Amino acid sequence: MAEQVDVVVIGLGVGGEETAGRLAEAGLSVVGLDPRLVGGECPYWGCVPSKMMIRAANLIAETRRVDGMAGTATVRPDWAPVARRIREEATDDWNDQVAVDRLVNKGVTFLRERGTITGPRTVKAGDREFEASRGIVIATGTVPVVPPIDGLAGTPYWTNHEAIEADTLPASILVLGGGAIGLELTQVFARFGVEVTVVEAAGRILAMEEPESSELAREALERDGVTFHTGTPAKQVAHDGETFTVTLDDGTTLTAEKLLVATGRRVDVKSLGLDQVGIDPGVRRVEVDEHVRAADRVWAVGDVTGVGAFTHNAMYQANVAVHDILGDEGAPLASYHAMPRVTFTDPEIGAVGMTEKQARDAGLDVKTGLSQIPSSTRGWIHKAGNEGFIKLVVDDERGVLVGATSAGPTGGEVLGALAVAVHAAVPVHTMQQLIYAYPTFHRAIGDALKQL
(Lines give C-alpha, C1' and ligand atoms only; values in the text may rest on other atoms or scores of the structure.)
Protein backbone atom coordinates (compact mmCIF):
# COMPACT_ATOMS: atom_id res chain seq x y z
CA MET A 1 0.00 0.00 0.00
CA ALA A 2 1.48 3.32 -1.10
CA GLU A 3 2.06 5.95 1.59
CA GLN A 4 0.20 9.21 0.94
CA VAL A 5 2.30 12.40 0.71
CA ASP A 6 2.06 15.71 -1.12
CA VAL A 7 5.35 15.74 -3.05
CA VAL A 8 8.22 13.37 -3.73
CA VAL A 9 11.53 14.94 -4.73
CA ILE A 10 13.90 12.55 -6.50
CA GLY A 11 17.45 13.81 -6.18
CA LEU A 12 18.70 16.18 -3.50
CA GLY A 13 21.44 18.17 -5.11
CA VAL A 14 21.23 21.94 -4.87
CA GLY A 15 17.93 22.23 -6.78
CA GLY A 16 16.23 19.24 -5.17
CA GLU A 17 17.29 20.21 -1.66
CA GLU A 18 16.03 23.76 -2.15
CA THR A 19 12.71 22.57 -3.59
CA ALA A 20 12.08 19.94 -0.91
CA GLY A 21 13.03 22.22 1.97
CA ARG A 22 10.88 25.15 0.88
CA LEU A 23 7.84 23.00 0.15
CA ALA A 24 8.12 21.39 3.58
CA GLU A 25 8.47 24.79 5.23
CA ALA A 26 5.27 25.80 3.41
CA GLY A 27 3.45 22.98 5.18
CA LEU A 28 3.43 20.21 2.57
CA SER A 29 4.37 16.63 3.38
CA VAL A 30 7.54 16.03 1.36
CA VAL A 31 9.69 12.97 0.83
CA GLY A 32 13.25 13.55 -0.44
CA LEU A 33 15.19 10.69 -2.01
CA ASP A 34 18.86 10.41 -2.89
CA PRO A 35 21.36 7.55 -2.53
CA ARG A 36 24.22 10.05 -2.65
CA LEU A 37 25.17 13.03 -0.50
CA VAL A 38 22.52 15.66 0.16
CA GLY A 39 23.62 18.83 -1.58
CA GLY A 40 25.01 17.04 -4.62
CA GLU A 41 28.14 17.90 -6.57
CA CYS A 42 28.43 21.59 -5.70
CA PRO A 43 29.38 21.52 -2.00
CA TYR A 44 31.44 18.32 -2.12
CA TRP A 45 33.14 18.04 -5.53
CA GLY A 46 32.26 21.22 -7.40
CA CYS A 47 31.69 24.90 -6.74
CA VAL A 48 32.76 25.19 -3.12
CA PRO A 49 35.92 23.05 -2.81
CA SER A 50 37.15 23.97 -6.28
CA LYS A 51 36.94 27.66 -5.43
CA MET A 52 38.95 26.99 -2.26
CA MET A 53 41.59 25.44 -4.50
CA ILE A 54 41.43 28.41 -6.87
CA ARG A 55 41.72 30.90 -4.02
CA ALA A 56 44.88 29.17 -2.82
CA ALA A 57 46.38 29.00 -6.31
CA ASN A 58 45.61 32.67 -6.92
CA LEU A 59 47.41 33.62 -3.70
CA ILE A 60 50.50 31.91 -5.10
CA ALA A 61 50.17 33.87 -8.33
CA GLU A 62 49.69 37.16 -6.51
CA THR A 63 52.80 36.53 -4.42
CA ARG A 64 54.77 36.04 -7.60
CA ARG A 65 53.53 39.43 -8.84
CA VAL A 66 55.04 41.29 -5.91
CA ASP A 67 58.46 41.64 -7.55
CA GLY A 68 58.76 44.95 -9.35
CA MET A 69 55.66 46.39 -7.70
CA ALA A 70 56.05 46.01 -3.93
CA GLY A 71 59.50 44.69 -3.20
CA THR A 72 60.41 41.03 -3.48
CA ALA A 73 58.68 37.87 -2.36
CA THR A 74 59.11 34.14 -2.58
CA VAL A 75 56.49 31.44 -2.17
CA ARG A 76 56.77 27.71 -1.59
CA PRO A 77 53.53 26.01 -2.66
CA ASP A 78 52.17 23.46 -0.21
CA TRP A 79 49.06 21.45 -1.07
CA ALA A 80 48.53 20.13 2.47
CA PRO A 81 46.62 23.13 3.90
CA VAL A 82 44.41 23.25 0.79
CA ALA A 83 43.49 19.57 1.07
CA ARG A 84 42.92 19.97 4.80
CA ARG A 85 40.62 22.97 4.31
CA ILE A 86 38.55 21.12 1.71
CA ARG A 87 38.26 18.07 3.94
CA GLU A 88 37.51 19.91 7.18
CA GLU A 89 35.76 23.15 6.22
CA ALA A 90 33.99 22.39 2.96
CA THR A 91 33.00 18.74 3.05
CA ASP A 92 33.21 17.41 6.64
CA ASP A 93 35.29 14.61 5.13
CA TRP A 94 32.50 14.06 2.59
CA ASN A 95 29.86 13.59 5.25
CA ASP A 96 26.46 15.18 4.63
CA GLN A 97 24.98 14.90 8.13
CA VAL A 98 24.74 18.68 8.50
CA ALA A 99 22.81 18.91 5.23
CA VAL A 100 20.57 15.98 6.16
CA ASP A 101 19.77 17.55 9.54
CA ARG A 102 19.03 20.88 7.89
CA LEU A 103 16.61 19.21 5.49
CA VAL A 104 14.90 17.05 8.11
CA ASN A 105 14.54 20.02 10.48
CA LYS A 106 12.52 21.75 7.76
CA GLY A 107 10.10 18.84 7.82
CA VAL A 108 11.31 16.69 4.92
CA THR A 109 11.22 12.91 5.23
CA PHE A 110 14.63 11.87 3.93
CA LEU A 111 15.51 8.43 2.58
CA ARG A 112 18.96 7.56 1.28
CA GLU A 113 17.44 5.58 -1.56
CA ARG A 114 17.23 5.76 -5.32
CA GLY A 115 13.73 6.74 -6.44
CA THR A 116 11.94 5.01 -9.31
CA ILE A 117 8.72 6.34 -10.78
CA THR A 118 6.17 3.52 -10.88
CA GLY A 119 3.08 5.43 -11.99
CA PRO A 120 1.72 8.92 -12.77
CA ARG A 121 2.13 9.99 -9.12
CA THR A 122 3.85 7.06 -7.43
CA VAL A 123 7.51 6.56 -6.58
CA LYS A 124 9.23 3.48 -5.18
CA ALA A 125 12.23 3.86 -2.85
CA GLY A 126 13.71 0.70 -1.41
CA ASP A 127 10.86 -1.32 0.06
CA ARG A 128 8.54 1.70 0.35
CA GLU A 129 6.23 3.30 -2.18
CA PHE A 130 4.78 6.81 -2.06
CA GLU A 131 1.80 8.36 -3.80
CA ALA A 132 2.29 12.10 -4.27
CA SER A 133 -1.00 13.97 -4.47
CA ARG A 134 0.57 17.15 -5.81
CA GLY A 135 3.28 15.56 -7.87
CA ILE A 136 6.88 14.55 -8.39
CA VAL A 137 10.01 16.68 -8.74
CA ILE A 138 12.95 15.26 -10.71
CA ALA A 139 16.32 16.68 -9.67
CA THR A 140 18.74 13.84 -10.36
CA GLY A 141 21.56 15.97 -11.78
CA THR A 142 24.21 14.60 -14.09
CA VAL A 143 27.20 12.27 -14.09
CA PRO A 144 30.63 12.76 -15.71
CA VAL A 145 30.93 11.94 -19.39
CA VAL A 146 33.53 9.25 -19.98
CA PRO A 147 34.36 9.35 -23.70
CA PRO A 148 34.58 6.04 -25.59
CA ILE A 149 38.34 6.23 -26.05
CA ASP A 150 40.06 2.93 -26.72
CA GLY A 151 41.71 1.67 -23.53
CA LEU A 152 40.27 4.30 -21.18
CA ALA A 153 37.74 2.08 -19.42
CA GLY A 154 39.26 0.19 -16.52
CA THR A 155 42.17 2.58 -15.98
CA PRO A 156 42.44 4.58 -12.72
CA TYR A 157 41.61 7.90 -14.38
CA TRP A 158 40.39 10.84 -12.32
CA THR A 159 37.12 12.71 -12.59
CA ASN A 160 36.46 15.90 -10.66
CA HIS A 161 35.81 13.72 -7.60
CA GLU A 162 39.33 12.33 -7.37
CA ALA A 163 40.83 15.71 -8.26
CA ILE A 164 38.97 17.44 -5.43
CA GLU A 165 39.69 14.67 -2.91
CA ALA A 166 43.44 14.50 -3.62
CA ASP A 167 45.55 14.75 -0.45
CA THR A 168 48.71 15.00 -2.54
CA LEU A 169 49.30 16.15 -6.08
CA PRO A 170 51.04 14.19 -8.84
CA ALA A 171 54.17 15.37 -10.58
CA SER A 172 52.33 15.45 -13.89
CA ILE A 173 48.77 15.18 -15.19
CA LEU A 174 47.01 14.99 -18.55
CA VAL A 175 43.63 16.73 -18.72
CA LEU A 176 41.09 15.64 -21.31
CA GLY A 177 38.78 18.58 -21.86
CA GLY A 178 39.29 22.31 -22.21
CA GLY A 179 36.01 23.51 -20.74
CA ALA A 180 35.51 25.48 -17.55
CA ILE A 181 36.03 22.61 -15.09
CA GLY A 182 39.10 21.28 -16.86
CA LEU A 183 40.72 24.71 -17.11
CA GLU A 184 40.03 25.72 -13.52
CA LEU A 185 41.62 22.54 -12.18
CA THR A 186 44.43 22.81 -14.72
CA GLN A 187 45.47 26.25 -13.51
CA VAL A 188 45.31 25.20 -9.87
CA PHE A 189 47.54 22.19 -10.46
CA ALA A 190 49.99 24.18 -12.59
CA ARG A 191 50.37 26.87 -9.93
CA PHE A 192 51.12 24.18 -7.37
CA GLY A 193 53.97 22.89 -9.51
CA VAL A 194 52.28 20.07 -11.45
CA GLU A 195 53.27 19.61 -15.09
CA VAL A 196 49.92 19.87 -16.90
CA THR A 197 48.97 19.08 -20.49
CA VAL A 198 45.46 19.77 -21.79
CA VAL A 199 43.93 17.88 -24.71
CA GLU A 200 40.84 19.46 -26.29
CA ALA A 201 39.19 17.86 -29.32
CA ALA A 202 37.67 21.15 -30.46
CA GLY A 203 39.72 23.74 -32.25
CA ARG A 204 39.98 25.94 -29.17
CA ILE A 205 39.48 25.78 -25.41
CA LEU A 206 36.28 27.28 -23.97
CA ALA A 207 34.76 26.49 -27.35
CA MET A 208 31.26 27.63 -26.30
CA GLU A 209 32.45 31.11 -25.34
CA GLU A 210 33.80 34.03 -27.35
CA PRO A 211 37.04 33.42 -29.32
CA GLU A 212 38.58 36.28 -27.34
CA SER A 213 37.89 34.32 -24.14
CA SER A 214 39.60 31.24 -25.55
CA GLU A 215 42.67 33.24 -26.52
CA LEU A 216 42.88 35.01 -23.16
CA ALA A 217 42.54 31.79 -21.16
CA ARG A 218 45.11 29.94 -23.26
CA GLU A 219 47.67 32.72 -22.98
CA ALA A 220 47.17 32.96 -19.20
CA LEU A 221 47.52 29.23 -18.64
CA GLU A 222 50.52 28.96 -20.92
CA ARG A 223 52.22 31.56 -18.73
CA ASP A 224 51.56 29.16 -15.86
CA GLY A 225 53.41 26.47 -17.78
CA VAL A 226 50.45 24.55 -19.24
CA THR A 227 50.82 22.81 -22.61
CA PHE A 228 47.84 22.57 -24.97
CA HIS A 229 46.86 20.22 -27.78
CA THR A 230 43.69 21.47 -29.50
CA GLY A 231 41.83 20.22 -32.53
CA THR A 232 43.23 16.71 -32.12
CA PRO A 233 41.18 14.27 -30.02
CA ALA A 234 42.62 11.43 -27.97
CA LYS A 235 42.19 8.07 -29.69
CA GLN A 236 43.86 5.67 -27.25
CA VAL A 237 44.72 5.46 -23.55
CA ALA A 238 47.04 3.03 -21.80
CA HIS A 239 48.13 2.64 -18.19
CA ASP A 240 51.07 0.47 -17.13
CA GLY A 241 50.42 0.61 -13.40
CA GLU A 242 52.35 3.84 -12.88
CA THR A 243 52.03 6.04 -15.97
CA PHE A 244 49.27 7.03 -18.37
CA THR A 245 50.04 7.18 -22.08
CA VAL A 246 47.57 8.99 -24.34
CA THR A 247 47.87 8.77 -28.10
CA LEU A 248 46.24 11.57 -30.08
CA ASP A 249 44.55 11.30 -33.45
CA ASP A 250 47.58 12.83 -35.17
CA GLY A 251 49.91 10.23 -33.66
CA THR A 252 51.30 12.42 -30.87
CA THR A 253 52.02 10.46 -27.69
CA LEU A 254 51.69 12.08 -24.26
CA THR A 255 52.56 10.62 -20.86
CA ALA A 256 51.78 11.64 -17.27
CA GLU A 257 51.35 10.22 -13.82
CA LYS A 258 47.61 10.96 -13.71
CA LEU A 259 44.79 11.45 -16.21
CA LEU A 260 41.86 13.78 -15.47
CA VAL A 261 38.75 13.27 -17.61
CA ALA A 262 36.87 16.58 -17.76
CA THR A 263 34.90 16.17 -20.98
CA GLY A 264 31.52 17.28 -19.69
CA ARG A 265 28.55 15.75 -17.93
CA ARG A 266 25.38 13.89 -19.00
CA VAL A 267 22.01 12.98 -17.55
CA ASP A 268 21.44 9.42 -16.36
CA VAL A 269 17.70 8.75 -16.24
CA LYS A 270 17.29 5.39 -17.98
CA SER A 271 16.26 3.57 -14.79
CA LEU A 272 14.20 6.43 -13.37
CA GLY A 273 10.88 5.22 -14.83
CA LEU A 274 10.22 8.28 -16.95
CA ASP A 275 8.05 6.23 -19.30
CA GLN A 276 5.51 5.97 -16.45
CA VAL A 277 4.82 9.69 -16.83
CA GLY A 278 4.99 9.82 -20.61
CA ILE A 279 8.63 10.83 -21.02
CA ASP A 280 11.05 8.90 -23.24
CA PRO A 281 13.56 7.24 -20.87
CA GLY A 282 16.28 7.67 -23.49
CA VAL A 283 16.19 11.48 -23.48
CA ARG A 284 19.45 13.43 -23.35
CA ARG A 285 17.74 15.86 -20.98
CA VAL A 286 14.36 16.26 -19.33
CA GLU A 287 12.76 19.17 -21.15
CA VAL A 288 10.65 21.61 -19.15
CA ASP A 289 8.30 24.46 -19.93
CA GLU A 290 8.29 27.95 -18.43
CA HIS A 291 6.80 26.54 -15.21
CA VAL A 292 9.61 23.90 -15.22
CA ARG A 293 6.95 21.26 -15.74
CA ALA A 294 8.16 18.14 -17.55
CA ALA A 295 4.77 16.36 -17.65
CA ASP A 296 1.43 16.46 -15.86
CA ARG A 297 2.22 16.87 -12.15
CA VAL A 298 5.92 16.36 -12.84
CA TRP A 299 8.52 19.09 -12.46
CA ALA A 300 12.26 18.97 -13.18
CA VAL A 301 14.97 21.29 -11.88
CA GLY A 302 18.73 21.62 -12.20
CA ASP A 303 21.26 19.96 -14.46
CA VAL A 304 18.85 17.18 -15.50
CA THR A 305 16.93 19.77 -17.57
CA GLY A 306 19.99 20.55 -19.68
CA VAL A 307 19.58 24.30 -19.21
CA GLY A 308 23.12 25.12 -18.19
CA ALA A 309 24.93 22.98 -15.62
CA PHE A 310 25.06 25.74 -13.03
CA THR A 311 24.15 25.84 -9.36
CA HIS A 312 22.52 29.22 -9.84
CA ASN A 313 20.24 27.79 -12.52
CA ALA A 314 19.22 24.91 -10.25
CA MET A 315 18.27 27.42 -7.53
CA TYR A 316 16.46 29.57 -10.09
CA GLN A 317 14.41 26.65 -11.41
CA ALA A 318 13.72 25.44 -7.86
CA ASN A 319 12.15 28.81 -7.07
CA VAL A 320 9.92 28.56 -10.14
CA ALA A 321 8.89 25.01 -9.25
CA VAL A 322 8.10 25.85 -5.62
CA HIS A 323 5.79 28.71 -6.56
CA ASP A 324 4.07 26.63 -9.23
CA ILE A 325 3.54 23.60 -6.96
CA LEU A 326 2.11 25.85 -4.24
CA GLY A 327 -0.18 27.47 -6.80
CA ASP A 328 1.00 30.96 -5.93
CA GLU A 329 -0.69 33.76 -7.82
CA GLY A 330 1.73 35.56 -10.08
CA ALA A 331 4.26 32.70 -9.91
CA PRO A 332 7.48 33.47 -11.80
CA LEU A 333 8.07 31.98 -15.25
CA ALA A 334 11.48 30.65 -16.23
CA SER A 335 13.46 32.54 -18.85
CA TYR A 336 17.05 31.79 -19.75
CA HIS A 337 17.96 34.62 -22.13
CA ALA A 338 20.29 36.15 -19.53
CA MET A 339 21.96 33.03 -18.16
CA PRO A 340 25.23 34.08 -16.45
CA ARG A 341 28.29 31.85 -16.28
CA VAL A 342 31.81 32.28 -14.95
CA THR A 343 34.99 30.35 -15.61
CA PHE A 344 37.01 30.93 -12.44
CA THR A 345 40.43 30.98 -14.01
CA ASP A 346 42.79 33.89 -13.44
CA PRO A 347 41.74 36.10 -15.16
CA GLU A 348 38.09 35.27 -14.48
CA ILE A 349 35.92 34.98 -17.55
CA GLY A 350 32.28 35.88 -17.01
CA ALA A 351 29.65 35.77 -19.72
CA VAL A 352 25.89 36.27 -20.01
CA GLY A 353 23.40 35.65 -22.78
CA MET A 354 24.49 35.08 -26.36
CA THR A 355 27.96 35.09 -27.87
CA GLU A 356 28.47 37.10 -31.05
CA LYS A 357 28.24 33.91 -33.14
CA GLN A 358 25.05 32.75 -31.43
CA ALA A 359 23.46 36.15 -32.02
CA ARG A 360 24.42 36.15 -35.70
CA ASP A 361 23.23 32.56 -36.12
CA ALA A 362 19.89 33.67 -34.64
CA GLY A 363 19.58 36.19 -37.46
CA LEU A 364 20.05 39.31 -35.34
CA ASP A 365 21.51 42.55 -36.68
CA VAL A 366 24.63 42.46 -34.51
CA LYS A 367 26.99 45.17 -33.40
CA THR A 368 29.85 44.59 -30.96
CA GLY A 369 31.92 46.77 -28.69
CA LEU A 370 35.24 45.70 -27.23
CA SER A 371 37.49 47.33 -24.63
CA GLN A 372 40.72 46.07 -23.09
CA ILE A 373 41.13 46.07 -19.30
CA PRO A 374 44.87 47.01 -19.42
CA SER A 375 43.89 50.15 -21.36
CA SER A 376 41.42 51.24 -18.68
CA THR A 377 42.63 53.41 -15.82
CA ARG A 378 42.01 50.71 -13.22
CA GLY A 379 43.71 48.12 -15.39
CA TRP A 380 46.75 50.36 -15.82
CA ILE A 381 46.89 50.92 -12.06
CA HIS A 382 46.49 47.21 -11.34
CA LYS A 383 49.36 46.36 -13.72
CA ALA A 384 50.53 42.81 -12.91
CA GLY A 385 47.71 40.37 -13.64
CA ASN A 386 45.52 42.96 -15.38
CA GLU A 387 44.72 40.96 -18.51
CA GLY A 388 41.11 41.02 -19.68
CA PHE A 389 38.46 42.68 -21.80
CA ILE A 390 34.80 43.67 -22.00
CA LYS A 391 32.84 42.55 -25.07
CA LEU A 392 29.27 43.66 -25.73
CA VAL A 393 26.93 41.96 -28.21
CA VAL A 394 24.09 44.24 -29.28
CA ASP A 395 20.88 43.59 -31.21
CA ASP A 396 21.08 46.80 -33.20
CA GLU A 397 17.48 46.66 -34.34
CA ARG A 398 16.20 46.79 -30.75
CA GLY A 399 19.16 48.72 -29.37
CA VAL A 400 19.75 46.37 -26.44
CA LEU A 401 22.44 43.98 -25.25
CA VAL A 402 21.75 40.30 -25.93
CA GLY A 403 25.10 39.10 -24.62
CA ALA A 404 28.32 40.20 -22.99
CA THR A 405 31.63 38.92 -21.71
CA SER A 406 33.56 40.37 -18.79
CA ALA A 407 37.08 38.99 -18.43
CA GLY A 408 39.65 40.28 -15.99
CA PRO A 409 40.81 40.27 -12.35
CA THR A 410 37.19 40.51 -11.16
CA GLY A 411 35.43 39.39 -14.31
CA GLY A 412 32.71 37.46 -12.51
CA GLU A 413 31.82 40.46 -10.33
CA VAL A 414 31.80 42.99 -13.17
CA LEU A 415 29.45 40.60 -14.98
CA GLY A 416 26.65 41.54 -12.57
CA ALA A 417 26.00 44.88 -14.25
CA LEU A 418 25.99 43.29 -17.67
CA ALA A 419 23.63 40.52 -16.55
CA VAL A 420 21.13 43.14 -15.38
CA ALA A 421 21.38 44.91 -18.74
CA VAL A 422 20.77 41.72 -20.73
CA HIS A 423 18.00 40.45 -18.43
CA ALA A 424 16.05 43.71 -18.39
CA ALA A 425 16.82 44.68 -22.01
CA VAL A 426 18.23 48.01 -20.85
CA PRO A 427 18.57 50.29 -23.91
CA VAL A 428 22.15 50.85 -25.01
CA HIS A 429 21.41 54.57 -25.02
CA THR A 430 20.54 54.35 -21.31
CA MET A 431 23.74 52.46 -20.57
CA GLN A 432 25.73 55.12 -22.38
CA GLN A 433 24.25 57.76 -20.06
CA LEU A 434 25.13 55.82 -16.89
CA ILE A 435 27.72 57.30 -14.51
CA TYR A 436 30.48 54.67 -14.12
CA ALA A 437 32.49 55.04 -10.92
CA TYR A 438 36.14 55.95 -11.39
CA PRO A 439 38.55 54.22 -11.30
CA THR A 440 36.89 50.81 -11.39
CA PHE A 441 37.18 47.73 -13.55
CA HIS A 442 33.50 48.02 -14.49
CA ARG A 443 34.17 51.44 -15.99
CA ALA A 444 35.56 49.51 -18.97
CA ILE A 445 31.92 48.76 -19.85
CA GLY A 446 31.60 52.43 -20.77
CA ASP A 447 34.72 52.15 -22.93
CA ALA A 448 33.20 49.18 -24.78
CA LEU A 449 29.97 51.12 -25.32
CA LYS A 450 31.96 53.85 -27.04
CA GLN A 451 33.21 51.28 -29.57
CA LEU A 452 29.64 50.69 -30.76
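Throughout, residue positions are numbered sequentially from 1 according to the sequence presented. Just so it is clear, the structure is predicted and the values come from calculations on it, not from any experiment.
Residue pairs satisfying the ring-ring contact (aromatic ring centres under 6.0 Å, His included) criterion with at least one member in residues 272-320, sequence neighbours excluded, are listed as follows: Phe310-His312. Residue pairs meeting the salt bridge (Lys or Arg N to Asp or Glu O under 4.0 Å) criterion with at least one member in residues 29-39, sequence neighbours excluded, are Asp34-Arg36. Note on residues 175-216: pairs passing ring-ring contact (aromatic ring centres under 6.0 Å, His included), not counting sequence neighbours, are Trp79-Phe192. For residues 121-141, every residue pair satisfying the salt bridge (Lys or Arg N to Asp or Glu O under 4.0 Å) rule, not counting sequence neighbours, is listed here: Glu3-Arg128. A salt bridge (Lys or Arg N to Asp or Glu O under 4.0 Å) check over residues 46-61, counting only residues at least two apart or in different chains, returns the pairs Lys51-Glu184.
Partners of Trp158 under the ring pair (Phe, Tyr, Trp, His ring centres under 6.0 Å) rule, at least two apart in sequence or in another chain, do not exist in this structure. Evaluation of the side-chain hydrogen bond (donor to acceptor under 3.5 Å, both in side chains) rule for Asp395 yields Arg398 as partners, not counting sequence neighbours. With sequence neighbours left out, Asp250 forms a side-chain hydrogen bond (donor to acceptor under 3.5 Å, both in side chains) with Thr252. Under the side-chain hydrogen bond (donor to acceptor under 3.5 Å, both in side chains) criterion, Asn160 pairs with Glu41, not counting sequence neighbours. For Arg22, the side chain to side chain contact (heavy atoms under 4.5 Å, CB included) partners are Glu18, Glu25, Asn319, Val322, His323, not counting sequence neighbours. Listed by chain and number, the residues in a side chain to side chain contact (heavy atoms under 4.5 Å, CB included) with Thr168 amount to none (sequence neighbours excluded). Asp167 is linked by a side-chain hydrogen bond (donor to acceptor under 3.5 Å, both in side chains) to Arg87, counting only residues two or more places apart in sequence or in another chain.
A donor-acceptor pair shorter than 3.5 Å can be found between the side chains of Thr230 and Arg218. Looking at Thr232 and Asp249, their side chains never bring a donor and an acceptor atom within 3.5 Å of each other.
The residues Glu17 and Arg102 are annotated as salt-bridged, a charged nitrogen and a carboxylate oxygen being separated by less than 4.0 angstrom. Of the charged side-chain nitrogens involved, at least one lies within less than 4.0 Å of a carboxylate oxygen, so that Glu387 and Arg223 count as a salt-bridged pair.
Residues Gln276 and Leu274 have side chains not in contact (no heavy-atom distance under 4.5 Å, counting atoms from C-beta outward). Side-chain contact between Pro43 and Thr91 is absent, with no heavy atoms from C-beta onward closer than 4.5 Å. In this structure, Ile205 and Leu183 have side chains that are in contact, with non-hydrogen atoms separated by less than 4.5 Å.
When each of Thr140, Thr116, Val8 is tested with Leu33 by the rule side-chain contact (heavy atoms from CB on, under 4.5 Å), just one qualifies, namely Val8.
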